[in-house]
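What follows is a set of notes on a single structure, which appears directly below.
Below, read A as the first sequence line, B as the second, and so on, with proteins coming before strands; counting in each chain starts at 1.
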Protein chains: 2
Amino acid sequence: MINVVLADDHVLVRDGIKALLEDQTGIVVIDEASNGKEALEVVSKNKPHVLIIDIRMPEMNGIEAVAEIKKHYKDVKTLMLSMHDSEEYVVKSIQAGADGYLLKGASKEEFIKAVNKVASGGKYFTGDVSSIIMNNFVNGTATKVEEPKPVAKELPFKLTKREKQILSLVLELKNNKVIAEELQISKRTAEVHRFNLMKKLEAKNLQELTNKAKDYQLI
Amino acid sequence: MINVVLADDHVLVRDGIKALLEDQTGIVVIDEASNGKEALEVVSKNKPHVLIIDIRMPEMNGIEAVAEIKKHYKDVKTLMLSMHDSEEYVVKSIQAGADGYLLKGASKEEFIKAVNKVASGGKYFTGDVSSIIMNNFVNGTATKVEEPKPVAKELPFKLTKREKQILSLVLELKNNKVIAEELQISKRTAEVHRFNLMKKLEAKNLQELTNKAKDYQLI
DNA sequence: ATAAAATTAAGTATTTATACTTAGTTTTGT
DNA sequence: ACAAAACTAAGTATAAATACTTAATTTTAT
């Protein structure tokens, strides 16, 4: 049985969520609060498994409340509720230590999934805010977190789109045959592009080509 | 109008997704592929806005395909499809540069939301995989970020001193003539060493040689 | 609409690399 | 001292890259 505390300043919203969750065996709403301060008190009294808390509330907002709670009751899981996918809210919620984030328009199924997930020690952030998370926190190989890149030399030439494409394949040490197959062009064409690249970069072998490509940051 | 390419090895799945998306104005499936290699070709030919790609496929899996595509067609957005929320798949997809991740059980609404989101330059990772993302990539106040472990593979062979010497020159993309001059040996000798290196590392081209050398940390 | 730029690809000759094999000459370990 | 391992390098045949040129399409910009 998962014990839940609901914090939202609108009774209607609390009732709605309660209805949504409670005809589901396994989840029970044991107490409620109508602002952040109250949420703190209720959590300290009841030690629920999960606190579902709205972000915009009077007295003390949900994010501040969660930051406090996470300091003192580390095993109370927290699920943020918000009207919109505000970047600021999402970022601050994560920094505060929230275990999940749902929009108020979430379906019953998603609500239940989220509560179960965070109760069992996982996280649940709705897909609607994934874009914000990825852009602000994740630097996967291909994602940007604004690296301070060294100054590139000025290009005394311009490469066409196709040439850049072929350059990148050449730099992977692929031979013309492979490049041709990959781009669905004739091997002879690949050769021409490679030849033009060598000319433009004034390289007389692959080694020089990679070096210049690095210098000009074509890499 | 958003142009989509679908890659999945099951025709039924493709048909299902197509049906799901196409009665929605604004999205059109312009081509299909049944494995990763084919996906590469189709993408190179059609330059779609979005590639929806299954992860488990024969020939070349979806993650490898996306990694390739992201290198050469940076503005083709990619949406991964997977049966389950496998940690490995999610992590590798993000590292490959995927723009989104959906489970096959996603609703029509979520599908359409995801396609629109990635097409417009955003990200869409379903809530079901948020836990994985948070645990692996996000270091909010309370989450851990793990260091990448550079574990070298065990060497199933031994390189001689001379071979290591020549390997390092080969990896600098120097040709046999240059290497021979540098080491004051005959070009033919350099060739033999290079040949033996290729054999030992089981590489069939320079590209594979550099990759294996990296794997075994001979670099 | 049309000129300029880009992409495509063939032709030709020369140089390198690849894929081996064989084999003579050092080094090195015990 | 002596066998094993390492280094050297030639032979041969095939495949690929290099270094160009020419030129037919296709795309892009004005």
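- Between A/L197 atom CG and C/dT8 atom C1' the separation is 15 Å, expressed in whole Å.
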Would you be so kind as to tabulate the donor-acceptor pairs closer than 3.5 Å made by side chains of residues 101-108 of chain A, with sequence neighbours excluded?
from: A/Y101; atom 1: OH; to: A/S82; atom 2: OG; distance (Å): 3.3
from: A/K104; atom 1: NZ; to: A/D8; atom 2: OD2; distance (Å): 3.3
from: A/K104; atom 1: NZ; to: A/D54; atom 2: OD1; distance (Å): 3.4
from: A/K104; atom 1: NZ; to: A/D54; atom 2: OD2; distance (Å): 3.3
from: A/S107; atom 1: OG; to: A/E110; atom 2: N; distance (Å): 3.1
from: A/K108; atom 1: NZ; to: A/D23; atom 2: OD2; distance (Å): 3.0

Yes or no on side-chain contact (heavy atoms from CB on, under 4.5 Å) for A/L209 and A/V170, after CA distance, side-chain angles and deciding distance?
CA-CA 9 Å; A/L209 189 74; A/V170 169; 3.6 Å; yes
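- Each of A/E191, A/K199, A/H193 was evaluated against A/F195; a single residue qualifies, A/K199, per the side chain to side chain contact (heavy atoms under 4.5 Å, CB included) test.
- The distance between atom CD of B/E208 and atom P of C/dA17, rounded to the nearest whole Å, is 19 Å.
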Test B/R14 against B/S34 for side-chain contact (heavy atoms from CB on, under 4.5 Å), laying out the working first.
CA-CA 9 Å; B/R14 295 204 302 267; B/S34 60; 3.6 Å; yes
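- Panel note: side chain B/N61, backbone B/I55; no donor-acceptor pair is recorded below 3.5 Å.
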How does each nucleotide of nucleotides 3-21 of chain D score, in 5' to 3' order, for protein heavy atoms under 4.0 Å: base (B), sugar-phosphate only (S), or none (-)?
---SSBBBBB---SSBBB-
